[in-house]
Amino acid sequence: MSARVLVGEVGLSLAVELLRKGDIVALPTETVYGLAGDAFQPMAVARIFEAKGRPLTDPLIVHLPEVQWLGRVACFDSPDQKDLAEELAAAFWPGPLTLLLKKVADLPDLVTAGSEFVAVRVTSHPFFQKVLRHLDSPIAAPSANRFGCISPTSAQDVLFELGDKIAMILDGGSCLHGLESTIVNLSDQKIRILRPGPITGDQLSKYGQVSVATEKVNTPGGLPGHYAPKKELRIIKTDINSVHPKQTIGLLAFTPPDQKVAEGFGSVEVLSITGDLREAASNFYHALRSLDNSKVDIIYAESFPEQGIGVAIMDRLRRAEHGSLNNAPQATIA
Ligand code: TXA
Ligand code: MG
């Protein structure tokens, strides 16, 4: 099979038709592309796990077109939790925030990997919203990459990752944020960040006490070795000018390095000319993928300031480094 990449009304109606039949398709969101299946058809959900090569123990995020659908998949522990969830939904939905709530009994257990909690979000992407409304059913969708690999931020990326496993990709252009949604747990009227993302701790702190989950998250997406390139990746711990460039090394740079330094590397990807972290986030996976597919043997990545969305970039970069070293342990770097 080779996936058809479609746009416009033709793409939208074929996506809905396939989803209705229990098939899976890739859809654009404002964060990364998702591999979508009807959340209420267990066979469709099983197909998602199979296509990604994802363990059945790793639950999927459920997508809705509007907050009014929340009751179809989730319920609340308490009136206070309901108030907090509704405040966050009013502030950030549609958008890149995922809430972990109690699941309703009807939702197939396969979606949540047997957990009594479901992760829910309302995506702002107009194509995804249209598909949801036409299908009239919540959609389970993990990122549309092979398990543990780099998340896709364009239809071409999905084609590379899963082109031989799915029938179609709805092309919605490049993803706005380029990093996966922020996931929060809302127990005890507190906001606990399980995965940092485009909605930052600062933004959330207007709505309650915010903490970052420190306990080991047992789902594979919470494991250190995720989002990994095939090549070895090393985070530069010192100033970039103290690294000896070589043609066999690719550089993932936050801002443009000195021309002399840049020329020494085999390939250079700059994430933001002006040092804008949002712009860097939106280019991050694409740049990592380009370096992974280039002729270099190893990728060096600059560190990013851990403020705002920089927290999420460093989270993904550390996981990518860990995952890549598990693939190919090699030399150390200063
Ligand atoms: O931006 C996003 O969130 C993208 C787009 C497609 O919506 N989706 C995404 O899904 O990143 P995925 O499956 O690649 O990452 C979801 C993460 C995984 O680490 C999963 O283990 C965790 O969320 N997760 C999902 N449901 C959960 C649940 N019920 N309890 C705990 N963790 C959950
Ligand atoms: Mg993922």
Side-chain angles (χ1 to χ4, degrees), residues 24-37 39 45 48-49 51-65 73-74 92-104 107-125 127-129 131-132 138-153 157-158 161-162 170 172 175-187 192-199 213 215-228 281-282 285 309 312 315-316 319-320 323:
I24 55 174
V25 298
L27 300 177
T29 86
E30 74 279 37
T31 57
V32 299
Y33 274 69
L35 181 57
V45 178
I48 295 176
F49 284 99
K52 274 186 68 102
R54 177 169 172 138
L56 292 170
T57 49
D58 191 1
L60 308 179
I61 294 179
V62 176
H63 297 69
L64 312 174
V73 294
F92 300 111
W93 281 357
L97 180 70
T98 297
L99 305 179
L100 201 62
L101 297 168
K102 262 256 170 70
K103 125 189 209 309
V104 297
L107 183 69
D109 288 330
L110 197 53
V111 174
T112 63
S115 163
E116 57 176 323
F117 296 100
V118 58
V120 198
R121 87 179 188 93
V122 172
T123 169
S124 66
H125 201 290
F127 291 1
F128 205 131
Q129 290 219 354
V131 170
L132 277 161
I139 285 178
S143 51
N145 50 279
R146 282 164 293 148
F147 180 68
C149 296
I150 301 171
S151 300
T153 54
D157 292 349
V158 181
E161 287 288 324
L162 297 171
L170 184 59
C175 300
L176 174 67
H177 297 291
L179 287 184
E180 300 85 347
S181 62
T182 306
I183 304 181
V184 295
N185 180 324
L186 298 183
S187 33
R192 216 147 44 88
I193 300 178
L194 302 180
R195 177 176 72 182
I199 303 295
E215 77 271 20
K216 187 168 167 290
V217 179
N218 277 323
T219 53
L223 296 176
H226 220 68
Y227 316 105
S282 72
Y285 283 133
I309 198 169
D315 169 74
R316 305 306 190 276
R319 290 176 202 273

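Order of listing sets the numbers, starting from 1, for every ligand and every atom in it. All values below come from the heavy atoms of this structure, side chains included, with hydrogens, waters and symmetry mates left out.
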query: Can a salt bridge be assigned to the pair Glu180 and Arg121 using a cut-off of 4.0 Å between side-chain N and carboxylate O?
result: no

message: Using a strict threshold of under 4.0 Å (side-chain N to carboxylate O), is an ion pair present between Glu161 and Arg146?
response: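 Answer for the salt bridge query: yes.
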
- request: Mind checking how many protein N/O/S atoms fall short of 2.8 Å from the Mg ion (ligand 2)?
  value: 1

Check each heavy atom of [X] against ligand 1 and say whether those closer than 4.0 Å belong to the side chain, the backbone, both or neither.
X      : value
Arg54  : side chain
Ile183 : side chain
Leu60  : backbone
Lys103 : neither

Please determine if [X] has a nitrogen or oxygen closer than 3.5 Å to a nitrogen or oxygen of ligand 1.
X      : answer
Arg121 : yes
Ser115 : no
Leu179 : no
Thr31  : yes
Glu180 : no
Thr29  : no

Under 3.5 Å: donor-acceptor pair, side chain of [X], backbone of [Y]:
X      : Y      : answer
Thr98  : Ile183 : no
Ser143 : Asn145 : no
Ser181 : Pro96  : no
Tyr227 : Asp315 : no

- request: For residues His63 and Leu132, report the shortest heavy-atom separation together with the two atoms involved.
  value: O-CD2, 3.3 Å

- request: Grab the two heavy atoms, one from Phe128 and one from Pro28, that are nearest each other, plus how far apart they are.
  value: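 Where Phe128 meets Pro28 most closely, the heavy atoms are CD1-O, 3.4 Å.
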
query: Between Leu186 and Val184, is any pair of side-chain heavy atoms under 4.5 Å apart?
result: yes

message: I want to check something: taking the side chain as every heavy atom from C-beta on, are Val32 and Leu179 in contact at a cut-off of under 4.5 Å?
response: no

message: Between ligand 1 and His63, can you find any atom pair, the residue atom being a heavy atom, that is separated by under 4.0 Å?
response: yes

message: Please determine whether any non-hydrogen atom of His177 lies less than 4.0 Å from an atom of ligand 1.
response: no

message: For atom 25 (C) of ligand 1, tell me which residue out of Pro28, Ser181, Pro59 has the closest non-hydrogen atom.
response: Pro59

- prompt: Testing Val104, Leu100, Val62 for side-chain contact (heavy atoms from CB on, under 4.5 Å) with Val118, which one passes?
  reply: Val62

field: Phe147 six-ring face occupied by Arg54 cation (under 6.0 Å, within 45°)
entry: no

